[in-house]
Amino acid sequence: MALKHFLISCSGFVLACLLAFTVQVYLFSPISPVSLELPPPSSSSLPQNHILQRVIKLGDGVLLKPEDIALDKEGTLYTATRDGWMKRLHRDGIWEDWKKLNSHTLLGITITNDGDLVACDVDQGLLKVTENGVTVLASHVNGSKIRFADDVIEASDGSLYFSVASTKFGLHDWYLDVLEAKPHGQLLKYDPSSNETSILLEGLAFANGVAVSEDQDYLVVCETWKFRCLRYWLKGEKRGQTEIFIENLPGGPDNINLAPDGSFWIALLQLTSDGLEFVHSSRAAKHLVATSGKLVELVNGLHKKATVVNVGADGKIIRKLEDPNGSVMSFVTSVVEFEDHLYFGSLQNNFIGKLPLNVA
């Protein structure tokens, strides 16, 4: 009888602990998640390769996690690093600490037709950086603070189109946006003639890279955790309309850049570690993961590999470049083509990768 009473007491205690743990997880979870459908493993028919392991390392030991890259007409390369510097690489191979912005949250950058640099800063919004200093172009839209500006591109008329990844989560907890799987992203437009910012699209799934087509007819914006990119028409009969440009990508699209031939280069992220894909179909698992930074690190697979794809104007993948085990490059966030070379930015590596196109 004593043993039976002990077992009943222990069982009750264990159940009470499990119930308390479950209640705590749900009450203190920072997300209200829904199920996320991942693309099928066969979403890319292109074979695995190791091409990104052949990159030349630029600025190794000089750069701290350069997320994005831009080159001006003279071939000077610009990048924003995690220590708040805007750095540039001159044609003679010399790196320059160009501008100190005192920000650790600089993301996408672009060079305008006038030769100015425009940057997205998670905390401050849209910035213009020149030899004379830094100007905030847009910090609010419709009376609300822009809290997660991500990537930017200039159209031929001088308009600046830029993404807001999430209006709910920030840079340091951005993976919660993936776990919650509810769209909080935006596509914005800054009009330099009126200094006004407007919302073009809302409800985007972690709006990320933006690029304008070769003929300036449409804009492509990446939705990272929907594994797709949208086409937003700027001109013609479809002006203001949106359609899918490419979907079921073999990774979450990050930054996108127009290539000289009219195609696009897209950096892809491995959002989930192999074998843990089930987390995205379980609300309970999502709640549990979201309450622990260590579990978030375990689930996300960003540091496991590097992948970029070249996509034609018809939305079809032309080629794929990889470092499948992340031995040289991982967490590649941007890829830019310039003068028959590719340049790769990363939030993991402390260098910019450079690769001749004839190797790719």
Side-chain angles (χ1 to χ4, degrees), residues 67-68 107-110 112 118-122 124-128 136-171 174 177-178 180-236 238-247 249 252-258 264 266-267 269 311 313 315 333-334:
E67 197 266 351
D68 199 13
L107 294 176
I109 62 175
T110 193
T112 69
V118 175
C120 287
D121 183 85
V122 172
Q124 299 182 70
L126 197 64
L127 312 178
K128 182 170 76 171
V136 177
L137 298 178
S139 60
H140 291 75
V141 60
N142 293 351
S144 297
K145 180 176 172 57
I146 299 169
R147 55 173 294 167
F148 200 154
D150 195 310
D151 193 29
V152 59
I153 193 67
E154 184 190 42
S156 57
D157 65 356
S159 298
L160 292 169
Y161 297 92
F162 64 107
S163 59
V164 171
S166 176
T167 56
K168 182 175 181 179
F169 300 102
L171 179 62
W174 72 272
D177 199 273
V178 180
E180 184 166 273
K182 291 180 179 177
H184 303 295
Q186 298 174 319
L187 175 65
L188 307 185
K189 176 184 178 181
Y190 172 76
D191 185 344
S193 63
S194 62
N195 293 324
E196 293 183 353
T197 304
S198 56
I199 300 174
L200 298 182
L201 295 175
E202 293 187 283
L204 299 178
F206 204 84
N208 211 319
V210 289
V212 178
S213 65
E214 184 178 30
D215 55 13
Q216 302 280 310
D217 280 355
Y218 62 87
L219 178 87
V220 179
V221 57
C222 298
E223 289 188 289
T224 299
W225 55 255
K226 277 198 174 177
F227 301 90
R228 72 181 188 184
C229 302
L230 300 179
R231 189 196 326 252
Y232 178 82
W233 288 96
L234 300 174
K235 298 177 183 177
K238 294 184 178 181
R239 181 179 178 181
Q241 297 182 29
T242 305
E243 61 193 27
I244 294 174
F245 175 66
I246 185 172
E247 59 185 341
L249 283 161
D254 198 315
N255 285 326
I256 180 172
N257 285 288
L258 181 69
F264 298 91
I266 308 175
L269 306 178
V311 177
T333 49
S334 60

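- Within the 6.0 Å centre-distance limit, the rings of F245 and F264 are counted as a close aromatic pair.
- In terms of heavy-atom proximity, G108 sits nearest to V152 at O-CG1, 4.0 Å.
- A donor-acceptor pair is defined here as one N or O able to donate and one able to accept, closer than 3.5 Å; such a pair exists between the side chain of S163 and the backbone of D151.
- Residues passing the side chain to side chain donor-acceptor pair (under 3.5 Å) test with T333, sequence neighbours excluded: none.
- In this view, S194 and D191, E196 satisfy the side-chain contact (heavy atoms from CB on, under 4.5 Å) rule, not counting sequence neighbours.
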Where do L107 and D68 land on the side-chain contact (heavy atoms from CB on, under 4.5 Å) test, with the steps shown first? CA-CA 6 Å; L107 294 176; D68 199 13; over 6 Å; no
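- The side chain to side chain donor-acceptor pair (under 3.5 Å) search around Y190 returns N195, not counting sequence neighbours.
- Atoms OH and NZ, on Y232 and K238 in that order, are 14.0 Å from each other to the nearest 0.5 Å.
- How far CD1 of I153 is from CG of N257: 6.5 Å, rounded to the nearest 0.5 Å.
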Can you check side-chain contact (heavy atoms from CB on, under 4.5 Å) on V221 and Y161, steps first, answer last? CA-CA 10 Å; V221 57; Y161 297 92; over 6 Å; no
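- Under the rule for a side-chain contact (heavy atoms from CB on, under 4.5 Å), the partners of Q124 that lie at least two apart in sequence or sit in another chain are S103, D121, L127, V136.
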Using the rule given for side-chain contact (heavy atoms from CB on, under 4.5 Å), can you reason through L171 versus F148, listing the C-alpha separation, both sets of side-chain angles and the distance that settles it, and then say yes or no? CA-CA 7 Å; L171 179 62; F148 200 154; 4.0 Å; yes
Considering only distance and modelled atom types, tabulate donor-acceptor pairs under 3.5 Å from the side chains of residues 200-220, sequence neighbours left out.
residue	atom	partner	partner atom	Å
E202	OE2	Q186	NE2	3.3
N208	ND2	T224	OG1	3.0
S213	OG	D215	OD1	2.8
S213	OG	Q216	N	3.3
S213	OG	D217	N	3.1
S213	OG	Y218	N	3.2
S213	OG	Y218	O	3.3
D215	OD1	D217	N	3.1
Q216	OE1	S156	N	2.8
Q216	OE1	S156	OG	3.3

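- Within the model, atoms CD1 of I256 and SG of C229 stand 5.0 Å from one another, a figure rounded to the nearest 0.5 Å.
- Here the straight-line distance linking atom OG1 of T112 with atom CD of E154 works out to 5.0 Å at 0.5 Å rounding.
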Would you sort out whether V164 and I146 count as a side-chain contact (heavy atoms from CB on, under 4.5 Å), showing the intermediate values? CA-CA 7 Å; V164 171; I146 299 169; 3.8 Å; yes
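- Remark: S159 engages D157 in a side chain to side chain donor-acceptor pair (under 3.5 Å) (not counting sequence neighbours).
- Residue pairs meeting the salt bridge (Lys or Arg N to Asp or Glu O under 4.0 Å) criterion with at least one member in residues 219-233, sequence neighbours excluded, are E223-R228, R231-E243.
- Among all heavy-atom pairs drawn from F162 and A149, the shortest one is CD1-CB, 4.3 Å.
- Contact annotation: the side chain of I109 never approaches that of C120 to less than 4.5 Å [non-hydrogen atoms, C-beta and beyond].
- The CD atom of E67 sits 5.5 Å away from the CG atom of D254 when rounded to the nearest 0.5 Å.
- The salt bridge (Lys or Arg N to Asp or Glu O under 4.0 Å) test applied to E180 returns K168, not counting sequence neighbours.
- Residue I246 holds its CD1 atom at 6.0 Å from CD1 of I266, rounded to the nearest 0.5 Å.
- Residue pairs meeting the side chain to side chain donor-acceptor pair (under 3.5 Å) criterion with at least one partner in residues 138-150, sequence neighbours excluded, are absent.
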